[in-house]
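Sequence lines set the chain letters: A, B, ... in the order given, protein chains first and strands last, and positions in each chain run from 1.
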Amino acid sequence: MKHTAYKLFWAWEFEKEEKWLNEMSAKGFQLVAVGPFRYVFDDTIKGEYEYRLELLDNFPSSSKSVDYIRFLEETGVEHVGSMLRWAYFRKKASEGKFELYSDIDSKIKYYKRFILLFLGISPLMIVNVINSFIAYSNYKLSINLIFGLLSLAIAGLIARGIFEINQKIQQLKKEKLIRE
Amino acid sequence: MGDNRDNMVLTEAVYYILLSLWQPLHGYGIMQNVMALSEGRVNLAAGTLYGAINTMLEKGLIRSVESDESSRKKEYLITQYGKDAIRNELERLKELIKNGENIIGGLEE
């Protein structure tokens with residue numbers, strides 16, 4: 001039987017999201033499809049799959065991502081679905097531990113993708129905030145104020161995302177000083 | 001390039017991938033081979049392997065080989081440059097072992 005759940009995770013909470021998906025798997029609910037804030041689970045054996053999600057370098061339909069996903073599939077990984085640049089993967093737990101990145105270097109490189117993404121969208125948010133407040137001071141329309149505050153809130157969340165991911169990177173860099 | 005080559009310290013993953021590619025192998029074959037060589041200790045994650053393969057191709061340590069039409073899987077093989085890098089690494093590792101054994105071996109006496 002299929003079950004649909006709706007849940008919101010921020011971009012930097014991907015580890016929490018992943019943990020949740022694996023907890024669901026342990027309870028016997030295997031993720032089979034994803035949509036905007038939407039997760040579709042199927043009833044199966046408890047803990048049948050281990051789940052990983054990844055922020056891809058490119059959109060899933062790009063040739064680079066297609067090449068990468070095919071490579072993963074050749075190693076026994078299933079591509080459950082994608083949301084924007086996020087891809088959801090799973091592997092049978094019986095085939096051993098499933099990780100996408102196994103050394104510090106590749107983990108750091110992976111986390112840097114987030115920083116680039118966040119930095120990429122932040123100018124847009126800042127421009128939005130400034131434009132909205134200028135418009136509000138000129139026309140006193142509350143829609144401008146609301147839009148401005150909303151953009152400000154998103155800009156704040158992006159800043160927090162950069163901060164959190166950067167902390168992870170710094171932690172890994174410290175580790176890297178003494179081991180591979 | 002010469003200096004760079006002499007001082008290159010390989011990561012454990014790259015070292016084992018290069019050793020595996022003395023024969024042509026595809027991605028999954030490399031993972032299994034590394035696992036077997038290290039007796040289950042080194043479990044290369046697929047994303048890490050994918051990134052390593054692309055970087056090693058760029059640097060010319062390995063190259064992709066034409067496989068028959070029936071198989072879509074890409075196979076890779078070590079290059080002469082890759083073989084040189086492995087030999088240098090082996091020398092470096094010998095030095096590490098020699099120094100380690102000299103000092104620790106002496107202390108345990």
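At a threshold of 4.5 Å between non-hydrogen side-chain atoms, the residues L72(A) and Y50(B) do not count as touching.
Remark: the backbone N or O of T11(B) is not paired with any side-chain donor or acceptor of E180(A) at under 3.5 angstrom. A donor-acceptor distance shorter than 3.5 angstrom exists from the side chain of S102(A) to the backbone of A45(B), with no hydrogens or angles considered.
Heavy atoms from other residues, nucleotides or ligands lying under 6.0 Å from CH2 of W22(B) number more than 12. Taking a 6.0 Å sphere around CZ of F147(A), one finds it holds 12 or fewer heavy atoms contributed by other residues, nucleotides or ligands. Sparse packing is recorded around NZ of K174(A), with 12 or fewer heavy atoms of other residues, nucleotides or ligands lying under 6.0 Å away. Few gaps surround CG on L37(B); more than 12 heavy atoms of other groups in view lie less than 6.0 Å from it.
With values rounded to the nearest 0.5 angstrom, D105(A) atom CG is found 10.0 Å from T55(B) atom OG1. Separating the OH atom in Y28(B) from the CD atom in E73(A) is a distance of 14.0 Å, to the nearest 0.5 Å. Rounding to the nearest 0.5 Å gives a distance of 8.0 Å between NZ of K74(B) and CZ of R70(A). To the nearest 0.5 angstrom, L100(A) atom CG is 8.0 Å from T48(B) atom OG1. Here the OH-CG distance, from Y101(A) to L49(B), works out to 11.5 Å after rounding to the nearest 0.5 Å.
Cluster membership for M125(A) and L149(A), using ILVMFWY side-chain heavy atoms within less than 4.5 angstrom, is not shared. Under a hydrophobic clustering in which Ile, Leu, Val, Met, Phe, Trp and Tyr are joined whenever their side-chain heavy atoms come within less than 4.5 Å, directly or via other members, V129(A) and I121(A) fall into different clusters. Transitive grouping of hydrophobic side chains (ILVMFWY, heavy atoms separated by less than 4.5 Å) keeps I165(A) and F163(A) in distinct clusters.
There is no contact between K107(A) and chain B, counting heavy-atom distances below 4.5 Å.
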| field | Criterion side-chain contact (heavy atoms from CB on, under 4.5 Å) on L44(B) and E99(A), from CA distance to verdict | value | CA-CA 9 Å; L44(B) 277 183; E99(A) 297 272 11; over 6 Å; no

